[in-house]
2 protein chains.
Amino acid sequence: MAHSRLNELIEKATKLFAEKGFAASSMRDLAHEMGIEAASLYSHIHSKEEMLEIICFKKADQFLAALDEVNDIYFNAEEKLRMAIKLHVSIICKNPNASKVFIDEWRHLEEPHKLKFIEKRNLYELGILEILKTGEQENLFKEVDLKFATLTILSTVNWINQWYNPQGKMKPEEIANELSNFILTGLKK
Amino acid sequence: MAHSRLNELIEKATKLFAEKGFAASSMRDLAHEMGIEAASLYSHIHSKEEMLEIICFKKADQFLAALDEVNDIYFNAEEKLRMAIKLHVSIICKNPNASKVFIDEWRHLEEPHKLKFIEKRNLYELGILEILKTGEQENLFKEVDLKFATLTILSTVNWINQWYNPQGKMKPEEIANELSNFILTGLKK
DNA sequence: ATATTTGCCTAACAACCGTTAGCCCATGGC
DNA sequence: GCCATGGGCTAACGGTTGTTAGGCAAATAT
């Protein structure tokens with residue numbers, strides 16, 4: 001069970017950062033959650049910021065891996081977009097706390113990690129944009145401002161985090177489906 | 001010019017809270033921005049949290065007023081939704097910093113203000129939902145999960161804040177138009 | 001001319017912050 | 001049986017936090 005205590009720590013830190021925000025979470029809060037003294041945390045990590053790093057980059061890598069998965073198989077643009085949305089929603093719903101930190105708290109990263117993080121984020125954004133571009137070329141999608149559409153889609157799929165409840169009636173798969181339909185065909189009859 | 005110094009303070013606080021987050025912004029930071037000592041801030045406000053209150057509730061009231069404006073005139077549901085989106089985008093773009101605080105930092109409000117704030121927020125959400133319901137009844141909109149659609153729309157219009165640039169090429173009016181089209185008719189050709 | 005208010009100051013408060021140093025003890029491999 | 005390692009402890013550090021008390025000078029109102 002190497003690192004099992006570290007895993008527990010990161011998990012608790014994730015929950016705390018998600019609920020109170022990184023800046024408002026103290027090492028003593030976190031230590032209390034772990035049932036130990038604040039100083040003892042440093043047997044597992046080097047600094048508070050390192051935990052934020054671990055959480056943010058793990059999540060970033062998950063999203064990028066999902067992008068690779070989508071691009072590995074050949075689909076048309078609509079199918080690709082649907083799959084990208086499905087994977088995105090699934091990653092978010094699998095760990096809403098970590099997702100909240102990924103979405104809201106990364107700005108408290110220190111340089112140079114912050115820059116590295118933004119680069120990864122941009123890479124993901126670019127992957128989605130590429131799918132939309134393909135869709136335009138295949139004459140499946142309307143001609144739209146691609147950057148604008150990308151951001152709109154990402155806003156929609158990221159917002160889930162604000163209200164998603166694992167005990168709620170909607171399963172991630174359903175959410176992804178509804179969302180895909182909404183994004184593709186809109187609200188009008 | 002009664003309160004002009006207070007206005008300046010709230011403005012500076014808004015900027016600071018938006019950029020660094022409420023918890024990571026110190027009274028000494030803020031005092032430095034004002035060119036005075038930290039203790040002097042208390043000639044204008046009672047506490048750090050009070051400033052957050054002022055910012056959040058002012059914004060909340062703006063959104064609720066916009067809702068009234070929409071409901072004052074008779075339109076069909078599509079026109080209502082377009083107008084609601086236009087006003088929403090306009091409020092956000094008029095003061096992106098205050099909007100950021102309204103969207104992201106309200107959770108640092110202390111009770112009972114936090115609860116009051118959530119109530120106002122729910123009221124607004126309900127207003128949008130009501131418009132969608134009308135649209136369904138008028139047979140203009142698809143039958144969808146109304147709550148789900150409401151949250152999706154709000155996510156989209158709130159996200160603008162993350163990338164809107166007053167110096168950018170898109171004016172608020174245009175953004176609102178594009179967004180309305182996207183929400184109403186989706187991406188597919 | 002006098003009284004009041006506004007807006008700032010210095011000094012200080014108790015509490016809390018992230019982090020380090022140094023020590024101890026239980027566990028498990030050799 | 002010995003030693004390394006992991007995982008905790010106490011004590012303490014220098015700094016920062018929001019906030020209060022009390023005073024002072026200039027502007028304003030009477």
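The chains referred to below are lettered A, B, ... by the order of the sequence lines, with proteins before strands, and numbering in each begins at 1. In what follows, every heavy atom counts, from backbone to side chain, and hydrogens, waters and symmetry copies are set aside.
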Pairs under 3.5 Å (N/O, protein and nucleotides 19-24 of chain C):
from, atom 1, to, atom 2, distance (Å)
dT19(C), OP2, Y42(A), OH, 2.7
dT19(C), OP2, K48(A), N, 2.8
dT19(C), O5', Y42(A), OH, 3.3

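As a whole-Å value, the separation of E8(B) CD from dG7(C) P is 11 Å. One interatomic measurement links the two molecules: NZ of K20(B) to C1' of dT16(D), which rounds to 12 Å at whole-angstrom precision. Atom C1' of nucleotide dC17(C) and atom CZ of F22(A) are separated by 12 Å, given to the nearest angstrom. Between the CD atom of E37(A) and the C1' atom of dG8(D) there is a distance of 10 Å, given to the nearest Å. Distance CG (L6(B)) to P (dG7(C)): 9 Å, rounded to an integer number of Å. The distance from atom CG of L41(B) to atom P of dT19(D) is 10 Å, rounded to the nearest whole Å. Rounding to whole angstrom units, CD1 of residue I36(A) and P of dT10(D) are separated by 12 Å. When rounded to the nearest whole Å, the span between NE2 of H32(A) and C1' of dG8(D) equals 17 Å.
Once rounded to the nearest 0.5 Å, the distance linking NZ of K86(A) with CD1 of I175(A) reads 14.0 Å.
Counting non-hydrogen atoms of neighbouring residues, nucleotides and ligands closer than 6.0 angstrom, the CD atom of E19(A) exceeds 12 such neighbours.
The existence of a salt bridge linking K12(B) and E8(B) is confirmed by a sub-4.0 Å separation between a basic side-chain nitrogen and an acidic carboxylate oxygen. By the 4.0 Å N-to-carboxylate-O rule, E78(A) lies close enough to R82(A) to be salt-bridged with it. A salt bridge is absent between R121(A) and E125(A); no separation between the charged side-chain nitrogens and carboxylate oxygens falls under 4.0 Å. Checked for salt-bridge contact, E11(A) and K15(A) miss the test: no charged N lies under 4.0 Å from a carboxylate O.
The cationic atom of K120(A) (NZ for Lys, CZ for Arg) does not lie both less than 6.0 Å from the six-membered ring centre of F63(A) and within 45° of the ring axis.
Between F117(B) and F57(B), the two ring planes are perpendicular [angle over 60°; tilted spans 30° to 60°].
Take Y164(A) and apply the ring-ring contact (aromatic ring centres under 6.0 Å, His included) test, not counting sequence neighbours, and it matches no residue.
Note on H44(B): a side-chain N or O is less than 4.0 Å away from OP1 or OP2 of dC8(C). Side-chain nitrogen and oxygen atoms of S26(A) include at least one within less than 4.0 Å of the OP1 or OP2 phosphate oxygen of dC17(C).
Contacts of residues 106-114 of chain B with DNA chain C (heavy atom under 4.0 Å): none.
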